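In listed order, ligands and their atoms are each counted from 1. This structure is a prediction, so every number in the text was calculated from the model and none was measured. Residue numbers start at 1 and run along the sequence shown.
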Amino acid sequence: MTIKEYVRDKKQKLKEKIDKLSIKPCFAIVQVNDDEASNAYIRGKLKDASEVGIEAKLFKLPSNSTQDDVLKQIDVINKDDTYHGLIVQMPLPKQIDEELIKRSVYYKKDIDGFSPLSWLNACTPSGILHYLKDNNIEIKGKNAVVIGRSNIVGRPMARLLLNESANVTVLHSKTSEDDMRFYVEHADIIVVAVGKKYFLDNRFNYKKSAVIIDVGINRIDGHLYGDVVPNLDVKLQTPVPGGVGLLTRLALLNNLMEAYEDEISNS
Ligand code: NAP
């Protein structure tokens, strides 16, 4: 089953569940940056929501908004029970402190899982983990290598794999090429989130049984490329596009459902 088919199936099941709910799950998006990439991501999130019957509202602030304007908008949504989730679309204009904004989203509504206080997992690692488990990829006791250590992908991915009892190694820009080769060639699962076109290529001898999850999204001359050269000789390699991006979007819907169920059970 392709990732597209996997996600379609999961969304169909989610829709059937939401159709039976009298109060619909609902989230808000706060947008401050009016760039084309942000607009495209937001369109995707709104489309996903409407396909499964989730309600979503976009609060679009001018890109010259002050930090205070954004904090006030977040505060209003934090306090409004109509919204079970709240996303602030990143990146934000440079006059605004992104880390402060991430921390200001009420932790129970932080469906992106970006804040260190959030009780939900960041969407990209969470989407990847569910995909691995749903496809019966063995994780326990396996050598998992995560390349990249960002707060939104690499680090939370490593933590989730460790929680599943993988032997986890995190590599980054200070890792030597020799060490990179050693760890990559011993890996059963490789998650690459570096942001460099075809960072992983044929220079390594991957295990034929390896599973490679390509998180990278590199836009070059209007084309999308992953961090991994296509068609490596491994058991499974996720495509770009049509791979982790879809899993991330699915994970956002699932995080909203968790926030919704928590809110409903406590009200
Ligand atoms: P990031 O914050 O820029 O982090 C990149 C990481 O790669 C850093 O930890 C960096 O190491 C490491 N790195 C850079 N050059 C390296 C090298 N030569 N060897 C080994 N490690 C190297 O990026 P991010 O936010 O994690 O995103 C990574 C990629 O995933 C981007 O292409 C992004 O667009 C994509 N992404 C996709 C999704 C999705 O849904 N598909 C979601 C999020 C991100 P240092 O820490 O040492 O600098």
Pick, from [options], the option with the minimum heavy-atom distance to [atom].
atom                    : options               : result
atom 41 (N) of ligand 1 : L246, I217, V146      : I217
atom 10 (C) of ligand 1 : S173, G154, A251      : S173
atom 1 (P) of ligand 1  : P125, S150, A37, G216 : S150

How far is [atom] from its nearest protein heavy atom, and which residue and atom is that?
atom                    : result
atom 21 (N) of ligand 1 : H172 C, 3.1 Å
atom 35 (C) of ligand 1 : V215 O, 3.4 Å
atom 14 (C) of ligand 1 : V194 CG1, 3.7 Å
atom 12 (C) of ligand 1 : G148 CA, 4.0 Å
atom 29 (C) of ligand 1 : G195 N, 3.7 Å
atom 42 (C) of ligand 1 : T124 OG1, 3.2 Å
atom 8 (C) of ligand 1  : R149 N, 4.0 Å

Locate the shortest heavy-atom distance separating A259 from W119; write the atom from each residue and the value. CA-CZ2, 3.9 Å

Of all heavy-atom pairs linking I18 and G53, the shortest is CG2-O, 3.6 Å

Can you confirm whether the side chains of S176 and D178 place a donor and an acceptor under 3.5 Å from each other? no

Is it true that the side chains of N218 and D227 contain a donor and an acceptor less than 3.5 Å apart? yes

What about M157 and Y131, same hydrophobic cluster or not, with Ile/Leu/Val/Met/Phe/Trp/Tyr joined at side-chain heavy-atom distances under 4.5 Å? yes

Within one Ile-Leu-Val-Met-Phe-Trp-Tyr cluster: V76 and L100, side-chain cutoff 4.5 Å: no

Test salt bridge (Lys or Arg N to Asp or Glu O under 4.0 Å), reference D188, set K207, K140, K142, output is K207

Any side-chain heavy atom of L171 within less than 4.5 Å of one from Y183? yes

N or O pair under 3.5 Å between K196 and ligand 1: yes

How does I152 reach ligand 1, if at all, at less than 4.0 Å between non-hydrogen atoms: by side chain, backbone, both, or neither? side chain

Under 4.0 Å and counting heavy atoms only, is there anything from the protein next to atom 46 (O) of ligand 1? yes

Is atom 3 (O) of ligand 1 less than 4.0 angstrom from at least one protein heavy atom? no

Any cation-pi pair here, R203 with F199, using under 6.0 Å and within 45°? yes

Could you tell me which atoms of ligand 1, counted from 1 in the order shown, lie closer than 4.0 angstrom to a heavy atom of [X]?
X    : result
V153 : 26 (O), 43 (C), 44 (C)
F199 : 17 (C), 18 (N), 19 (N), 20 (C)
T248 : 39 (C), 40 (O)
G245 : 40 (O), 41 (N)

Which label fits Y206 and F204: parallel for a plane angle under 30°, tilted from 30 to 60°, or perpendicular past 60°? perpendicular

Please collect all ring-ring contact (aromatic ring centres under 6.0 Å, His included) contacts where either partner lies in residues 243-267, sequence neighbours excluded, each pair once. H84-Y260

